[in-house]
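Computed from a predicted structure; not experimentally measured.
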Amino acid sequence: IRAADIACTPGALSYLLIAKRECHWFIEPEKVPTELGAKLSDAQVHIHPYVEVTSFIENLPRTSITHVDLAGLSWSLKASFKGELRLAESLVQWVMALKTDVEVGHIRNAMAKDAVALTRMFMWLEKEVQSRPIKETEVAQKIAYFRSQQPGYQEESFPAIVGYKGNGAIVHYFAQEDTCAKISNEGMLLIDSGGQYVEGTTDITRTICLSEPTDEQKRNFTNVLKGNITLDTQLFPEGTTGMQLDTLARMHLWNDGLNYGHGTGHGVGYFLRVHEPPQGFATSAITSRGTTGFVPGLFTSNEPGFYKTDEYGIRIENLMLCVEKEENEYGKFLGHEALTLFPIETKLIDFSMLSQRELDWLNDYHHKVFEAVSSKLEGEELAWMKEKCKTV
């Protein structure tokens with residue numbers, strides 16, 4: 001079910017009460033197409049106005065036993081139940097979280113479209129910034145514009161984060177038209193953005209440098225990249241938790257006495273919420289992101305970062321699919337495959353810090369990006385992508 005009830009999230013505001021032989025769906029009836037409504041009725045799914053959910057629950061028998069997931073239930077609705085409540089995980093959460101082969105195929109198409117849009121945006125930015133200062137808000141608008149030119153695009157998956165210099169060090173920064181910074185042809189720029197396509201949801205962060213970076217900036221960027229690569233390439237036993245894996249993304253920064261103050265990754269929906277439970281990479285031992293064990297089919301962001309207050313921010317984010325790698329006498333071992341398709345800023349890399357394995361990963365990743373996207377580009381766009389993806 002998809003709707004336009006919530007900005008950036010194509011879900012419907014509704015409740016579903018599932019009984020043994022029937023279901024009750026509380027949603028504004030005019031939102032349900034006639035044909036769908038008839039099919040649901042035949043399947044014993046009864047549609048009620050959204051506002052009637054409270055009175056319906058209040059009239060359930062006091063002998064009723066209802067399983068609820070409190071994470072998605074308001075306090076007032078919880079108080080409406082007169083019968084027994086039992087805590088249970090949502091029946092649909094894992095069905096949503098585990099992406100099917102068909103969904104993964106569509107997500108790959110969405111990623112290629114996203115890469116075309118981002119290519120055109122970054123090309124525009126690199127050229128335009130040579131002649132005039134550009135507001136952060138204008139860049140955010142351009143990102144949405146170039147994505148809107150792609151077939152199947154619906155809307156942003158969240159308002160774009162465009163942080164220039166010190167603003168890039170504000171993790172959830174949102175530029176305002178009257179107060180935002182103006183981007184010139186020097187310094188670092190962090191852009192975190194995403195799109196909602198009918199084929200899937202995207203979320204990508206890239207950090208670029210519009211002038212020659214300092215040695216410090218290159219070292220910090222390279223350590224963030226090493227963390228991203230380590231998390232991307234590490235094999236691990238099935239059921240390993242997000243808290244265990246989160247350390248892999250931080251270890252290189254930790255070796256320099258540095259850290260970042262946010263989780264390393266979150267689950268992503270299929271043309272749904274850009275932040276979707278239960279899995280993720282996080283330091284917490286009590287949240288679902290930290291405690292959920294990984295299994296094949298989970299679709300998760302990989303976004304280590306580093307932020308120097310008032311100076312610059314660094315984040316490199318790809319979306320990854322959890323896949324089975326091998327099985328032996330020690331059990332089933334899993335890993336990840338990056339589905340995001342866009343080059344990483346090589347100007348910011350200190351190549352002396354990369355191992356051969358890490359360098360091979362970077363070149364293989366850029367080769368994959370070029371192979372997947374080049375057929376959709378031509379002329380200057382193709383030349384730009386070829387330069388950004390060249391072997392180093």
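- Remark: H275 engages H266 in a ring pair (Phe, Tyr, Trp, His ring centres under 6.0 Å) (not counting sequence neighbours).
- Residues T205 and F342 have side chains not in contact (no heavy-atom distance under 4.5 Å, counting atoms from C-beta outward).
- Linking Ile, Leu, Val, Met, Phe, Trp and Tyr whenever their side-chain heavy atoms come within less than 4.5 Å puts L77 and L85 in one cluster.
- Taking the six-membered ring where the residue is Trp, F56 and F26 present perpendicular rings, their angle passing 60° and hence far from 30°.
- Side-chain contact between L334 and V323 is absent, with no heavy atoms from C-beta onward closer than 4.5 Å.
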N/O donor-acceptor pairs under 3.5 Å from side chains in residues 278-286, not counting sequence neighbours:
unit_1: Q279; atom_1: NE2; unit_2: F299; atom_2: O; d: 3.0
unit_1: Q279; atom_1: NE2; unit_2: T300; atom_2: OG1; d: 3.1
unit_1: S284; atom_1: OG; unit_2: I286; atom_2: N; d: 3.2
unit_1: S284; atom_1: OG; unit_2: T287; atom_2: N; d: 3.3

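- Between K99 and E276 there is a salt bridge, with a side-chain nitrogen of the basic residue lying less than 4.0 Å from a carboxylate oxygen of the acidic one.
- Within 6.0 Å of atom CG in L13, more than 12 heavy atoms from other residues, nucleotides or ligands are found, so the atom counts as buried in its surroundings.
- A donor atom on one side chain and an acceptor atom on the other are found under 3.5 Å apart for E177 and T137.
- Ion pairing between a basic and an acidic side chain is recognised when a charged N comes within 4.0 Å of a carboxylate O; R86 and E84 show such pairing.
- In summary, R132 and E138 engage in a salt bridge, as defined by a charged side-chain N under 4.0 Å from a carboxylate O.
- By the 4.0 Å N-to-carboxylate-O rule, K388 lies close enough to E126 to be salt-bridged with it.
- Side-chain contact of E317 with N302: a donor-acceptor pair under 3.5 Å is absent, judged by distance alone.
- Under the side chain to side chain donor-acceptor pair (under 3.5 Å) criterion, K390 pairs with E387, not counting sequence neighbours.
- Heavy atoms from other residues, nucleotides or ligands lying under 6.0 Å from CD of Q130 number more than 12.
- Around the CZ atom of R357, the shell of radius 6.0 Å holds no more than 12 heavy atoms that belong to other residues, nucleotides or ligands.
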Checklist entry - Can you list the steps and then say if E358 with K226 is a salt bridge (Lys or Arg N to Asp or Glu O under 4.0 Å)? => result CA-CA 7 Å; E358 292 164 339; K226 287 166 72 72; 2.8 Å; yes
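- Ion pairing of K31 with D5 is present here, as a side-chain N (NZ or NE/NH1/NH2) and a carboxylate O approach within less than 4.0 Å.
- Not a single salt bridge (charged side-chain N to carboxylate O under 4.0 Å, His left out) links E89 to another residue, sequence neighbours left out.
- Using a 4.0 Å cut-off between charged side-chain N and carboxylate O, K368 and D364 make no salt bridge.
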Donor-acceptor pairs under 3.5 angstrom involving side-chain atoms of residues 112-123: please list them, not counting sequence neighbours.
unit_1: K113; atom_1: NZ; unit_2: P151; atom_2: O; d: 2.6
unit_1: K113; atom_1: NZ; unit_2: E199; atom_2: OE1; d: 3.4
unit_1: K113; atom_1: NZ; unit_2: E199; atom_2: OE2; d: 2.5
unit_1: D114; atom_1: OD1; unit_2: R147; atom_2: NE; d: 2.6
unit_1: D114; atom_1: OD1; unit_2: Y197; atom_2: OH; d: 2.7
unit_1: D114; atom_1: OD1; unit_2: T202; atom_2: OG1; d: 3.4
unit_1: D114; atom_1: OD2; unit_2: R147; atom_2: NH2; d: 3.1
unit_1: D114; atom_1: OD2; unit_2: T202; atom_2: OG1; d: 3.1
unit_1: T119; atom_1: OG1; unit_2: A115; atom_2: O; d: 2.8
unit_1: R120; atom_1: NE; unit_2: E381; atom_2: OE1; d: 3.4
unit_1: R120; atom_1: NE; unit_2: E381; atom_2: OE2; d: 2.9
unit_1: R120; atom_1: NH2; unit_2: E381; atom_2: OE1; d: 3.4

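- Taking a cutoff of 4.0 Å between a charged side-chain nitrogen and a carboxylate oxygen, K218 and E212 do not qualify as a salt bridge.
- Under the rule for a salt bridge (charged side-chain N to carboxylate O under 4.0 Å, His left out), K376 has no partner lying at least two apart in sequence or in another chain.
- Expressed to the nearest 0.5 Å, how far OG1 of T207 lies from NZ of K347 amounts to 13.0 Å.
- With salt bridges taken as basic N to acidic carboxylate O contacts below 4.0 Å, none links E326 and K332.
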